[in-house]
Amino acid sequence: MEKSCPLLIHFDKGTPAIANEIKEALEGNDVPAKIDAMKKAIMLLLNGETLPQLFITIVRYVLPSDDHTVQKLLLNYLEIIEKTDSKGRVLPEMILICQNLRNNLQHPNEYIRGVTLRFLCRLNETEIIEPLIPSVLQNLEHRHPYIRRSAILAVMSIYKLPQGEQILVDAPEMIEKVLSTEQDQSAKRNAFLMLFNCAQDRAINYLLTHVDRVAEWGELLQMVVLELIRKVCRTNRGEKGKYIKIIISLLNAPSSAVIYECAGTLVSLSSAPTAIRAAANTYCQLLHSQSDNNVKLIVLDRLNELKSSHREIMVDMIMDVLRELSSPNLDIRRKTLDIVLELITPRNINEVVLTLKKEVVKTQSGELEKNGEYRQMLIQAIHSCAIKFPEVASTVVHILMDFLGDSNVASAVDVAVFVREIIETNSKLRVSIITRLLDTFYQIRAARVCSCALWIIGEHCLSLSEVESGLATIKQCLGELPFFSMSEEGEATDSTKKVQPVNSMAVSSRRPAILADGTYATQSAASESAFSPPTIVQGSLASGNLRSLLLTGDFFLGAVVSCTLTKLLLRLEEVQPSKVEVNKATSQALLIMASMLQLGQSPVLPHPIDNDSYDRIVLCIRLLCNTGDEIRKIWLQSCRQSFVKMLSEKQLRETEELKAKAQVSYAQPDDLIDFYHLKSRKGMSQLELEDEVQDDLKRATGEFVKDGDDANKLNRILQLTGFSDPVYAEAYVTVHHYDIVLDVTVINRTKETLQNLCLELATMGDLKLVERPQNYTLAPESSKQIKANIKVSSTETGVIFGNIVYETSNVHERTVVVLNDIHIDIMDYISPAVCSDAAFRTMWAEFEWENKVAVNTVIQDEKEFLGHIIKSTNMKCLTAPSALDGECGFLAANLYAKSVFGEDALVNVSIEKQVDGKLNGYIRIRSKTQGIALSLGDKITLKQKGSS
């Protein structure tokens with residue numbers, strides 16, 4: 001077993017310094033050079049070097065030094081050197097340092113005394129400590145509190161040694177006397193801590209004797225008291241009543257740390273509603289009184305834990321938690337909303353929604369940078385509330401519809417999706433929502449929001465007035481026809497200049513004008529004679545948002561406009577008795593669609609219309625020219641039914657997720673209950689109990705292998721050298737979150753003793769070697785287990801490579817055996833995760849790194865190939881199973897995973913089945929960092945060919 005090291009110092013230098021240089025510097029009189037030499041010696045010792053020749057030099061030249069830094073470094077050196085031989089006996093030369101330590105404990109300088117006492121806390125050798133005990137006890141009465149504090153800790157450390165109770169028999173009694181007379185709060189805390197750890201009965205007696213004065217004690221001592229109460233109540237649950245009173249009294253302490261610990265102690269000791277309510281109130285007070293955002297996040301985590309175990313009590317605290325939305329930090333607001341949304345009940349839904357509405361209105365007043373993102377969070381929260389409790393939808397939907405024209409596109413899209421779902425699930429609001437949507441449609445500026453709003457208009461305008469209003473709104477937003485003139489087309493064709501994008505800003509300038517009656521209007525001044533003359537529409541801001549977007553080349557929106565016009569005209573035929581009006585409206589719609597096609601095929605725009613949009617618009621034209629009952633049924637009913645099916649599946653998925661979460665926290669009736677604390681009562685020794693716990697730790701880190709899983713363990717063993725090499729090496733690789741542990745087995749296959757055998761490792765990628773393995777001597781045909789720890793800092797495929805270097809008695813030169821490379825698999829760092837479709841699309845648009853992998857596989861079934869990719873990449877398919885039903889020869893699916901470092905990995909699989917049965921298409925990977933995109937692409941390229 002590796003020895004524990006009490007001292008850790010970061011050391012980047014890979015080449016060890018020359019021992020002679022360190023020795024010369026230590027023997028000199030230059031104090032700065034001596035300090036540097038001591039630092040180098042300590043760091044080399046920590047990195048596996050032995051440096052045995054330095055000890056005598058340090059005893060002769062460093063021990064007598066009066067410099068405080070040198071003395072501190074000397075104690076660090078003495079802390080890490082080996083003080084015992086292979087049999088555990090103290091080395092004879094260690095007696096040389098005892099006199100120096102005794103002198104330090106009687107030194108007139110308080111710093112020297114204090115650091116020496118702290119050094120004794122880390123010594124485990126009784127033979128060295130025993131002669132120093134009288135000097136340590138003298139320091140318990142020193143005039144300086146720093147010395148007394150350190151002396152108490154030294155006494156506690158000595159008493160806890162295996163033979164400490166024999167050499168310090170009356171230590172608890174002495175410390176109890178010190179506790180009763182001590183005035184310094186830190187020294188008092190250390191004395192109580194010593195009694196708590198070494199003589200618990202005395203600590204309890206002292207606490208119960210001074211129970212009325214606990215509230216007056218210092219913060220440090222109160223923290224130790226709470227720790228003592230937790231320990232006592234765990235071992236003896238029957239006595240917790242007398243200690244609960246102490247905890248309640250400390251809830252009013254001036255220290256925030258004490259209050260926080262009190263609340264945590266209350267929750268761990270009692271599940272009574274009164275105690276839980278007191279703890280929750282305390283957390284809420286801390287939440288509002290603390291200014292540190294990290295503290296707020298920690299307190300919110302505690303409230304979240306209370307919500308899981310004591311939801312009924314937390315429901316009453318919902319408005320107190322909701323007050324934290326006043327914090328400017330987005331992470332705090334997000335966590336607050338997450339907690340609140342799970343505490344909503346029919347009793348408090350109205351209060352919560354009212355608060356959320358006020359917060360939404362506040363985001364309009366300020367121009368803060370994060371207002372748009374905060375507004376999006378609020379809209380999503382209100383959406384969730386309205387879906388759970390439809391009765392509140394009417395109070396929020398009209399307010400939210402004001403944000404359809406929000407400059408934050410993500411926020412506007414959330415509003416549009418919310419309105420689309422509410423109008424379907426709450427039919428009573430249909431008329432008011434349609435009226436409001438038609439009134440505010442001209443404010444929408446984003447193409448995605450326009451598309452969603454047009455779909456709502458096409459599906460839910462049912463009456464004659466609604467259909468006519470919908471048609472009029474679309475025509476108004478499209479503006480006058482045509483979208484360009486023939487003269488412009490000729491100029492664009494004849495011109496040798498590069499065609500610039502045409503949009504509303506390029507072809508016209510628009511500004512609001514104030515009319516004589518005080519109302520607003522838009523004054524349009526066209527820069528080209530081809531466009532319609534300026535028009536002034538009184539009382540409204542006629543901005544032609546659809547026209548502006550079409551002139552930027554967004555023909556997908558043009559196809560959506562055509563489909564919406566088609567649905568409205570099909571419905572107009574049903575509700576309008578006058579065929580003349582229907583024909584008139586149809587001819588106008590056909591003219592609009594033809595103008596779109598003409599615009600798409602003209603050289604005025606930077607790129608022509610895409611084939612999909614062209615086919616869609618042509619289909620609408622043909623449909624309006626020849627309408628059949630079957631087609632009418634598809635357009636007016638089937639689309640709506642598909643949306644209803646999508647909503648029902650979404651609700652079903654959410655219900656299943658809630659059931660799965662609910663089942664996680666409860667044990668099944670026939671599950672076995674394993675009480676670890678009772679194992680010692682079954683005859684297990686303390687060592688066996690620790691072994692059980694160690695097995696649990698190994699199981700958690702992947703080291704523990706159950707019966708029958710030997711094959712899995714063997715799969716993780718990598719051969720590092722060849723069978724014919726003089727040294728054979730193989731490594732068992734364990735990956736757990738940020739750590740990689742290499743357990744390397746080295747076998748000497750020669751008849752000679754290998755000296756100074758060292759495993760030299762280097763890394764490539766975001767991997768870092770934590771410590772350099774030390775040198776070993778390997779007997780003939782013997783083996784050695786060498787461990788190496790490596791830290792991982794990002795999700796990137798890394799490589800570990802290196803050599804085994806050794807010397808033999810016959811050959812004085814060093815022999816080098818090159819090791820095979822160890823490739824760290826990205827699959828060890830990513831795990832399946834779930835996110836909403838809107839979040840996926842947002843991340844897809846924001847992430848800058850993309851890796852496009854062409855499909856190249858022998859698999860001929862689309863779904864089988866998708867399943868193979870999901871299994872190979874350890875990702876979650878976000879596309880609903882119903883969306884993948886059927887056999888059409890095409891498949892598109894979104895996959896999502898998250899790494900242990902919090903990185904997002906997005907994958908889109910788009911494949912098509914060719915005539916010959918082969919699959920063709922692309923797998924696109926997007927991520928925020930380059931490493932995960934490249935590594936995941938390499939993994940897919942390697943695994944996609946076969947199904948094995």
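These numbers were taken from a predicted model, which means no experiment stands behind them. Starting from 1, each residue takes its place in the sequence as its number. The figures here come from the full heavy-atom set of this structure, side chains too, leaving out hydrogens, waters and symmetry mates.
Across every non-hydrogen atom of Ile592 and Phe483, the tightest pair is O-CE1, 4.3 Å.
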So Ile923 and Phe865, side chain to side chain contact (heavy atoms under 4.5 Å, CB included) or not? Walk me through it. CA-CA 11 Å; Ile923 302 168; Phe865 179 73; 4.0 Å; yes

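Applying the side-chain hydrogen bond (donor to acceptor under 3.5 Å, both in side chains) rule to pairs touching residues 839-848 yields Asp837-Arg841, sequence neighbours excluded. Here ring pair (Phe, Tyr, Trp, His ring centres under 6.0 Å) pairs that include residues 408-431, with residues two or more places apart or in two chains, are His383-Phe418. Applying the salt bridge (charged side-chain N to carboxylate O under 4.0 Å, His left out) test to pairs two or more places apart or on separate chains, those with a residue in residues 559-575 are Glu459-Lys567, Glu573-Arg632. Residue pairs meeting the salt bridge (charged side-chain N to carboxylate O under 4.0 Å, His left out) criterion with at least one member in residues 605-614: none, sequence neighbours excluded. Identified under the side-chain hydrogen bond (donor to acceptor under 3.5 Å, both in side chains) test for residues 911-922, with sequence neighbours left out: none.
Residues meeting the salt bridge (Lys or Arg N to Asp or Glu O under 4.0 Å) test with Glu424, sequence neighbours left out: Arg640. Contacts of Trp455 classified as ring-ring contact (aromatic ring centres under 6.0 Å, His included), with partners at least two apart in sequence or in another chain: Phe643. By the side-chain hydrogen bond (donor to acceptor under 3.5 Å, both in side chains) test, Ser910 is found to be paired with Asn908, residues two or more places apart in sequence or in another chain being considered. The side-chain hydrogen bond (donor to acceptor under 3.5 Å, both in side chains) test applied to Gln576 returns Glu468, not counting sequence neighbours. Residues passing the side-chain hydrogen bond (donor to acceptor under 3.5 Å, both in side chains) test with Glu359, sequence neighbours excluded: Lys362, Tyr374. Checked against salt bridge (Lys or Arg N to Asp or Glu O under 4.0 Å), Arg448 has no partners two or more places apart in sequence or in another chain.
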Show which side-chain atoms of residues 616-626 pair as donor or acceptor with protein atoms under 3.5 Å away, not counting sequence neighbours.
none

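Side-chain N/O atoms of Asn545 and Tyr442 include no donor and acceptor closer than 3.5 Å.
A distance-only check finds a donor-acceptor pair linking the side chain of Arg333 to the backbone of Leu325 [under 3.5 Å].
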